[in-house]
Amino acid sequence: MSVERYNARAVEPKWQRIWDERNVFRAEDDPQRPKYYVLEMFPYPSGKIHIGHGRNYVMGDVVARYKRAKGFNVLHPMGWDAFGLPAENAAMERKVHPRAWTYENIDTMRSQLKLLGLSLDWDRELATCHPGYYAHQQQLFVDFFKQGLAYRKESDVNWDPVDQTVLANEQVIDGCGWRSGAPVEKRKLSQWFLKITAFSEELLASLETLERWPDKVRLMQKNWIGRSEGLTFSFDLEDQDGNLIDETLTVYTTRHDTIFGASFCAVSPDHPLAVRHEADVAGLAAFRKDFAALGTSEEAIERTEKRGVPLGLYARHPFIDGLRLPVYAANFVLMGYGEGAIFGCPGHDQRDLDFARKYGLPVIPVVMPAGGDAEAFQIADEAYLQKEADDTVLINSDFLNGMSVAEAKQAIAERFEATDKGKRTVNFRLRDWGVSRQRYWGCPIPMIHCETCGTVPVPADQLPVLLPDDANFDTPGNPLDHHPTWKHVDCPQCGKPALRETDTMDTFVDSSWYFARFCTPRADTPLDAKIANYWLPVDQYIGGIEHAILHLLYARFFTRAMQACGHLDLAEPFDGLFTQGMIVHETYQDDDGNWLFPHEVTRGDDGTVRHAGTGAAVSVGPIEKMSKSKRNVVSPEEIVDTYGVDAARWFMLSDTPPERDSEWTQAGIEGAWRLVQRIWRMVAEVAQTDAGARADAISPQALAVRKAAHKALASVSQDIEHLRFNRAVAHVYELANTITSALQAARGGDAPADLPATLREAVELMVRMSAPMVPHLAEECWQALGHDEMLAASPWPDVDPAMLVEDTIVLPVQVNGKKRDELTVARDAETQEIERAVLALEGVRKALGGAEPRRIIVVPQRIVNVVA
RNA sequence: GCCUCCUUGGCGGAAUUGGUAGACGCACCGGACUUAAAAUCCGGUUCCUUCGGGAGUGCCGGUUCGACUCCGGCAGGAGGCACCA
């Protein structure tokens, strides 16, 4: 029997057209139906996609198609994270307008995505750079401003003195601007902030409720928020001569138990005390200038030696009469955390120890391991950091002596609180979110600065604040600021000439609420609470681990902020989160070091890799994330042309667990293509065979096939529910293998009469359970099997639970933990019966060698272990 | 430096969460079909072995009738955070 090959090139566009025409993937806002919202992190339209970009969309698509079949009203939309710096760079380099560049990319990428056969509701498509989107973002910003969740303050920025622009931390390389190469300066600038810290406690606490998030992501967010419990208290200050002065020094500490080990105090160079005394302390001005030049990059901070300048002030120790602690301005104290001031306890903090050694300050140990000798306990080069209650004891600490660290903290806190000189406080590492960007291609911040009225939001009826088309990208700096007219407006309150805010928003703002906008993408308010409350939260969100902290935290914040403004009633936007791995590929370089595309090389039978055109030797480099720069990319067009998109989808889902990186290989895509052909052949064979009537009295062979089909269906369903696509794929293969063998038997002639009908049933189940993964193939097969309805709009088949249980089972039998035999028994066999039968087994008798068993452990339906 | 995770055949990986280690796929080897090749189908493939067996999930130890799975230590790798007081 010969079967025509499955022709993906013809079949796939056909079904895509049919799905499209019948609007099967359009999501209706129908609060009566149970909903399921599947979302993949929307792409930045950078140009073209490669096949590596497809993985998370395919995963989401499998879930969407499965949930649709399970009867859910599925929302599965797509959009574009379309503002951002690359568009502006393109404008500068190629003289194209950022808008033109962006929309052209969107068009390209949309048609590429459509090749993948995704079950998307394209009617809800949105782009964040479209005024229909960012108008509402501006409205949200104004709402936040009115709620006190958006505010302006001075803050440090990385300033590129050549390009006259603010740089993001990632744009600072070795302390220099990435474009200009000029040393970056730390500068104070008025910037807009969103008050994420208003929700620090909530954002931390409700991480616990996000049970369908990876632990790893929750932990990363927890560390990022960085809650710590400590004590804030004030020192009285005296001058050189011991006179009390009219200033106090407030510090924050988590180690108040070590107060008796304090030997100095330190403030940030930016601390008001240091600023105030800049003029009258020798060397302080120069020290502060050095500090400002340091930049904000991590390496700069890490490499820097701990240094300080004494301010000529002394803090009075709160519990030791007459003890004066010198106060320094020190470069390792951050103004942005706690009070910007600390007391230094060199015995129990490494930075303090380094500092004390450098400046010859006393090092007094006040905590030591429990049971140690207090006299002999010394601190050398390493501070003693242990603070677990059971292992430690306080020494050299007056009324704290003998206490554990926890007890001492308690005692100190109570003393301070009794006299109102200090109180227990909670601090967070999390800072407010600076959203100001001095760029053109972003959402304009809808604010107006008026000399009389101050900062005034743009009234709702004047939104959106549109970007001007005629910006100039040739001069450095912010094009909006340079624009001759754009920023000049009348104050909406007093009508006098005023200035528009020329900052645009961080693009992370755009992506902080798009998932909510998808519920009502054309509404004339940012959200429609009723509909948003129906669709949200997103039931399954899928994206890269690189967004584990910022994007996901900002979106969580935004949802709370939108809730506070009455736009929806929801605190957590993403019920389930999945972080998928990347697609990686070998890299190739020729002798001159030029990167080669995979399609430019061929691999010989001996494994050597050569240039496909010239035959020159090619060196194979490491397997890396697909990227344009290393050219290790495969285009979706070439794969779809050669193998069809179902083969590509199947391959992306096979083998590697979805959260891990997966290597794209020629052999892999060919293997997937073979499976597609194999299913098609099976379907063709079954479709051509007269199945005959379905027999009720089913033969053992047919029963085995039916059981295999239902077991596979049960497994595949569970695997898709849990996003274990690699296992779902394996279970389909397993069933395919069973069917292949049975087909062979059926061809033999002496097969039971009910086998063909059962085989047809099994093949149909196989097709249906594969449909979410290889949807075009499944539709074509389903039609070939004589069905009229579309699988894309058909319910998921039911598992027959009776097919999942076996009447007799095979128990492995161990002797002393080693498998020696097997026992076939009824599923519900009595333990005693099993024990007796086991001892009669030859493998067991041999292994025992005549010895008496001491014990027999029977784990029902699992295993038997005979202990001799 | 701190925190987290990972380590199973030639390769990707599976193992019902303490119960037959290696499902399924790739690659490779053999066979069938073919004049031949491709395609397809069938069989084999953890290692050692004196063919009886023995060893085996990074390494060392522990708990258990039984450990890839739990506990302690070590090694290697990946990721996150990083003067956060």
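In this text the structure is predicted, and so the values were computed from the model without any measurement. A, B, ... follow the sequence lines: proteins, then strands. Residue 1 opens every chain.
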#### Entry: Full working for side chain to side chain contact (heavy atoms under 4.5 Å, CB included) between V813(A) and I863(A)
CA-CA 6 Å; V813(A) 180; I863(A) 200 166; over 6 Å; no
### Message
Checking understanding here: a glycosidic angle within 90° of 0 is syn, the rest anti, so what is G73(B)?
### Response
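Judged by the O4'-C1' to base torsion, G73(B) sits in anti, the angle falling more than 90° away from 0.
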### Query
What's the base orientation of G44(B): syn (chi within 90° of 0) or anti?
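Chi for G44(B) falls in the anti range.
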Please confirm whether the shortest side-chain N or O distance from [X] to OP1 or OP2 of [N] is below 4.0 Å.
X       : N      : result
R674(A) : C26(B) : yes
R218(A) : U4(B)  : no
R429(A) : G80(B) : no
N737(A) : G25(B) : yes
R727(A) : A15(B) : yes
K818(A) : A55(B) : yes
R351(A) : C84(B) : yes
N726(A) : A14(B) : yes

### Message
Assess whether a salt bridge exists between R357(A) and D381(A), defined as any Lys/Arg side-chain N lying under 4.0 Å from an Asp/Glu carboxylate O.
### Response
no
### Query
Salt-bridged, E208(A) to R218(A), with N to O below 4.0 Å?
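Salt bridge absent between E208(A) and R218(A).
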### Query
Do other residues, nucleotides or ligands put more than 12 heavy atoms under 6.0 Å from E624(A) CD?
yes
Measure from the side chain of [X], starting at C-beta and using heavy atoms only, and say which of [options] lies closest.
X       : options                : result
R660(A) : A27(B), G13(B), C84(B) : G13(B)
K819(A) : U20(B), G12(B), A39(B) : U20(B)
Y733(A) : C3(B), A85(B), C24(B)  : C24(B)
Q814(A) : A85(B), G54(B), G19(B) : G19(B)
A667(A) : G66(B), A27(B), G53(B) : A27(B)

### Task
With R5(A) as the cation and W680(A) as the aromatic partner, state whether NZ or CZ is under 6.0 Å from the six-membered ring centre and within 45° of the axis.
no
#### Entry: Least distance between heavy atoms, M626(A) atom then N632(A) atom
CG-O, 3.1 Å
Rounding to an integer number of Å, can you tell me how far [X] [atom1] sits from [N] [atom2]?
X       : N      : atom1 : atom2 : value
K216(A) : C6(B)  : NZ    : C1'   : 10 Å
Q666(A) : G25(B) : CD    : P     : 20 Å
M335(A) : A85(B) : CE    : C1'   : 13 Å
N223(A) : U4(B)  : CG    : C1'   : 8 Å
D354(A) : G1(B)  : CG    : C1'   : 12 Å
L219(A) : G80(B) : CG    : C1'   : 8 Å

For a quick check of understanding: with a heavy-atom distance under 4.0 Å over all strands, which category does [X] fall into, base, sugar-phosphate or nothing?
X       : value
I857(A) : base
V864(A) : nothing
T740(A) : sugar-phosphate

#### Entry: Under 3.5 Å side-chain donor-acceptor pair for T642(A) and R9(A)
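Side-chain D/A pair, T642(A) to R9(A): absent.
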### Query
For residues R854(A) and N816(A), is any side-chain donor paired with an opposing acceptor at under 3.5 Å?
no
### Summary
Output field dot_bracket for RNA chain B (Watson-Crick or G-U, both distances under 3.5 Å, | for other-strand pairs) contains (((((((..(((......[....)))((((((.......))))))(((....)))..(((((..]....))))))))))))....
### Message
Taking the C1' atom in each of U7(B) and G12(B), what is the distance between them to the nearest angstrom?
### Response
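Taking atom C1' in both U7(B) and G12(B), they lie 15 Å apart.
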### Query
Taking the nucleotide of RNA chain B with the closest heavy atom to each, which residue, G336(A) or W673(A), is nearer the 5' end?
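Mapping each residue to its closest nucleotide by heavy atoms, the 5'-most match is W673(A).
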### Task
Using heavy atoms to find the nearest nucleotide of RNA chain B for A341(A) and I863(A) separately, return the residue whose nucleotide is more 5′.
I863(A)
### Side-chain donor/acceptor contact of R431(A) with base of C84(B) under 3.5 Å
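Between C84(B) and R431(A), which were checked side chain against base, a qualifying N/O pair under 3.5 Å is present.
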